[in-house]
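The structure appears below as C-alpha cells.
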Amino acid sequence: MLKLSVIIVNYNVKFFVEQCLLSVQKAIKNIDTEVWVVDNHSADGSVEMIKSKFPWVKLIENKENVGFSMANNQAIKRSSAEYILLLNPDTVVQEATFEKCLEYLNKHPAVGGLGVKMIDGKGRFLPESKRGLPTPEVAFYKMIGLSKLFPKSRKFGKYHLGYIRENETAFVDVLAGAYMLMPKRVLEKTGLLDETFFMYGEDIDLSYRITLAGFKNVYFPETSIIHYKGESTKKMSVNYVFVFYRAMVIFAKKHYTGRNAKLFSALINSSIYLRAFIALIRRFFVKTWLFWLDAVTFLVSLIFIKNYWEKNIVNFEGHFPEIFAQTHFPAYLLIWTAALGIFGGYKKPYTINKTAVGILAGTLVIAAIYGFLPENFRYSRGIILAGTIFSLTWAIFNRMFSNYFSGEGFTLSENRNLKTTIVGNKSERERVLDLLKQNKRNTDFLGFISIENEIDDFILGTLDRLDDLCQLYSIDEVIFCSKDVKSSIIIDWMSKIGTSKVHFKIVPEDSLFIIGSNDKNLSGELYAEEIRFDLSNEQVLRTKRIIDIILSIGLMVFGIALSWKKGFSKYYRQCWTVLIGKYSWVGYDKRVDNQRLPKIREGIYSIASKHKINNLNPEYVERLNYFYAKIYHWTDDVKIIISNIFNDSGALANG
C-alpha cells in the first residue's frame, strides 16, 4: 500500500503549480507516493504543462470548475494511500516536510489532521496556520475587532490562537486547507469534504468533523512551507466577503442548533453587510485617497491665492464675486485632477513628467474654456497661472508623500531599480541573469551569492552570510535558483530575514519564470521571458484609453454630421459607454478564449471585425487577438472604428 497521496487542485495558476510540483517531487523522493492534480478547467495551459513536464502525475481534467471540495473528493475517492494530503498549488514544501509530518502521525495515532507553519512570499508568518473554531463568541470578538487588538489573549485571540507560539506544537481546532494531512482511515470515518462549500469554509467544516469523530488536530511547526496567497487574498473584494461569510452561515446551520445557531447566523449575516460595506469604503479610499488629497490641496491653494490677490494685487472696492469661488474653483480642480488621471498622474510609479504633463494639460483646457467665456465671467488669468504653479507643487509633494509612506522614500522617479542578487551555482545564476536582461526589468544587479566558496569578481559572498550581505549592500531583492538551493534553505532564510525590506523570488528548475510575492494580499508576481505583450504595458494602456476618450468626445461633438445615418443614437450610446470606461472602442474577439492574454476592457468592436466576415476560422481569430495584444498600436483602433462606423454593414462584433 502506498504511504502518501498528495492532492492538488489547480485553476489557472500554471506557474505556481509548476513550482509546487517541483518541490513535491523532491519531497517524495524517499516515500511511496502518488500525486494527483485535479484541474478545474484552466485556460492558462496548465494541463499541457503538467502532461509535458510531470508525466508521473495522475491528472484529472474537469470540463468545468466544480469547486475546491468536489475536486479534492474526486482524487480522494481514487487514491490508494494510507495518508491523504490536501495541498494548495501556490505552495512550496521543504524536502523533508512530508517525512517529518508522517513520522509524527505514525507516533501519534490519535491525531486525525495535521497542519504546518506557513509563511508568505515575503517570509512573514501566516496566522491562519493555526485557528480556533468560529463559535458565536469567537466570531463576535473577530467582528468587533477585539481579536486584532488583543491577539495573544486567551479570551479574545481564539480566532488565530495568538496565545500559541509560532514554533510550538499544539492541538488546534481548525487546519488550513492549504496544507491538510490526514490518515485515510479518519476520512473514512468523518466523510469527505462537504461539497456544499464551493470555495471557503470546507477546511473548517472538515476540521470540526475530525474532532467530533474523536481525533485531534495538530499544528506542527517543526517544518514550514511557503504559501504565496495566504488567507488575506482578495479580502478587499466584496465578493470575497459574501462568499466567505456565507460559507460560515452554511457551517452554522450544519453544526449548531437552537439558540446558538440563530445567534451565530445573526452575527454572520450582520458581518456580511458590515464587512461588505467596510470593504467597499476601504477599496474606494485606497483607490481615490490621492485624488481627494489633490482636490483639497488645490482648492485650499486657490482660496489662498484669491484672498491674497484681493488684498495685494488688484484694487477692488469689494471682493471677487462669490460665484467665482463657487463655480470656477471646483471646475479648475476637477479639470486638473481629470487631466492627471488621463496622463497617468494617479498610476504608480508617480513621476514628475506625468504629474507636470497632467497639470499643464489641465491648465491648457482651463485657458481654452476661459477664452470662450463672456467678458464678465473672466475674473483673473493671474489666478489661473498662480493656481497652476501651486497645484503642480502640491501634486508633486502629494506623490512624494505617498511614495514615502509606501517605503519608497521621497522620490518621483520611474520605478526605483531594485538592488538585486542571485543565489545559485554559476550556470543557473547566469541563466537567471539573462532572464532579467531580456525582460528589461528595473534592476541594479549587484553580483552573485555563491553556495560554496568561489573566486569570481561578481561574487558578493556566500549563502551562509546572506543576512549580513543584505545589510552590507542594501540588497532589495534576492532571487534563489531552486535547482541549486534547497527549499528548506530558502524558507529558512525567508523566515530569518522576513521582517526586513528584502523581496524574495524563486526561479524553478528549467523554468522561464521568476516567481514571488511581496504582499500577502497579492497572489504573486511573474516575470516571463517567454512572451511580452504591448498591452501589458501601463503606458500603452493609458494611450489606448486616451484614444478612446478623444474619439468618444469627437464623435459626440461632431455627431450632427452623422445624424443622417440610421441608428445614430446607437453610436451616441456607444460613445457614452466608452467615455465612462465601461467599454473600449476595440477589444478582443469574444468567440475564442482570451484568458491567456492581458486583460483589457470589452470592445464595442473587435479586432476581427475589420474583416467583415462572420465565420472566420477560430484559429485565425485567436491569432488576430494574440498579435493585437503583442504588437498593439493605437492606429489599429482608429482604422477599425472608422471602418465600422462609416460602413452600413459594420454591425457590432461582440453583439
Side-chain angles (χ1 to χ4, degrees), residues 335 337-351 353-362 364-365 368 414-415 439-440 531-559 561-562 570-592 594 596-613 616 620-647 650-654:
I335 291 171
T337 53
L340 279 170
I342 291 172
F343 289 96
Y346 292 106
K347 293 280 188 181
K348 284 193 172 184
Y350 304 129
T351 66
N353 287 345
K354 289 187 291 188
T355 306
V357 169
I359 293 294
L360 294 177
L364 290 175
V365 173
E414 290 290 345
N415 277 335
N439 278 274
K440 299 178 181 178
I531 300 172
R532 290 194 295 274
F533 293 101
D534 285 346
L535 284 180
S536 293
N537 184 289
E538 283 283 344
Q539 187 60 50
V540 173
L541 289 173
R542 278 196 290 272
T543 300
K544 181 173 173 61
R545 179 67 184 137
I546 291 170
I547 293 300
D548 278 345
I549 292 170
I550 292 173
L551 288 171
S552 297
I553 294 173
L555 287 170
M556 293 173 82
V557 170
F558 298 104
L562 295 175
K570 174 188 71 174
Y571 292 114
Y572 189 86
R573 289 194 301 272
Q574 290 170 355
C575 289
W576 178 249
T577 58
V578 173
L579 195 61
I580 64 175
K582 185 177 180 181
Y583 291 94
S584 175
W585 276 113
V586 180
Y588 303 132
D589 192 291
K590 297 197 302 182
R591 289 173 289 183
V592 295
N594 298 304
R596 303 185 198 187
L597 301 178
K599 289 185 179 180
I600 59 174
R601 291 180 176 88
E602 184 178 337
I604 298 293
Y605 304 111
S606 85
I607 182 64
S609 66
K610 65 181 179 181
H611 294 272
K612 307 301 179 189
I613 301 173
L616 285 173
Y620 183 71
V621 173
E622 194 168 347
R623 283 199 298 273
L624 285 174
N625 287 341
Y626 173 84
F627 285 110
Y628 179 71
K630 186 170 177 61
I631 50 174
Y632 170 82
H633 197 270
W634 62 269
T635 55
D636 295 330
D637 284 5
V638 175
K639 291 174 184 176
I640 291 168
I641 295 165
I642 292 174
S643 171
N644 280 277
I645 287 181
F646 291 96
N647 190 309
L652 293 181
N654 289 324

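These numbers come from a predicted model, not from an experiment.
Qualifying side chain to side chain contact (heavy atoms under 4.5 Å, CB included) partners for Lys347, counting only residues two or more places apart in sequence or in other chains: Glu538, Arg542. Residues satisfying the salt bridge (Lys or Arg N to Asp or Glu O under 4.0 Å) test with Asp637, not counting sequence neighbours, are Lys544. In terms of the side chain to side chain contact (heavy atoms under 4.5 Å, CB included) criterion, residue partners of Ile549 (sequence neighbours excluded) are, by chain and number, Ile342, Arg545, Ile553, Leu579. Partners of Ile335 according to the side chain to side chain contact (heavy atoms under 4.5 Å, CB included) rule, which considers only residues two or more places apart in sequence or in another chain, are Val365, Ile366, Ile369. With sequence neighbours left out, the side chain to side chain donor-acceptor pair (under 3.5 Å) criterion links Tyr346 to Asp294. Not a single side chain to side chain donor-acceptor pair (under 3.5 Å) links Thr543 to another residue, sequence neighbours left out.
Considering all non-hydrogen atoms of both residues, Ser584 and Asp548 come closest at OG-OD2, 2.7 Å. Between Ile607 and Val586, the shortest heavy-atom distance links the atoms N-CG1, 4.1 Å. Annotation for Ala361 and Phe343: closest pair CB-CE1, 3.5 Å, computed over non-hydrogen atoms.
Tyr583 places a side-chain heavy atom less than 4.5 Å from the side chain of Glu602. Looking at Tyr588 and Leu535, their side chains come closer than 4.5 Å, going by heavy atoms from C-beta outward. Within the 4.5 Å cutoff, side-chain heavy atoms of Ile600 are placed close to those of Tyr628. With a 4.5 Å cut-off on side-chain heavy atoms, Thr577 and Ile604 count as touching. Contact annotation: the side chain of Trp576 never approaches that of Lys582 to less than 4.5 Å [non-hydrogen atoms, C-beta and beyond]. Side-chain contact between Asp589 and Leu624: absent, with no pair of heavy atoms (C-beta onward) separated by less than 4.5 Å.
Within the model, atoms OG1 of Thr355 and CG of Leu360 stand 10.5 Å from one another, a figure rounded to the nearest 0.5 Å. Atom OG in Ser552 sits 10.0 Å away from atom CD1 in Ile580 (nearest 0.5 Å). To the nearest 0.5 Å, atoms CD1 (Ile641) and CH2 (Trp585) are separated by 6.5 Å. Leu541 CG to Ile546 CD1: the interatomic distance, rounded to the nearest 0.5 Å, is 11.0 Å.
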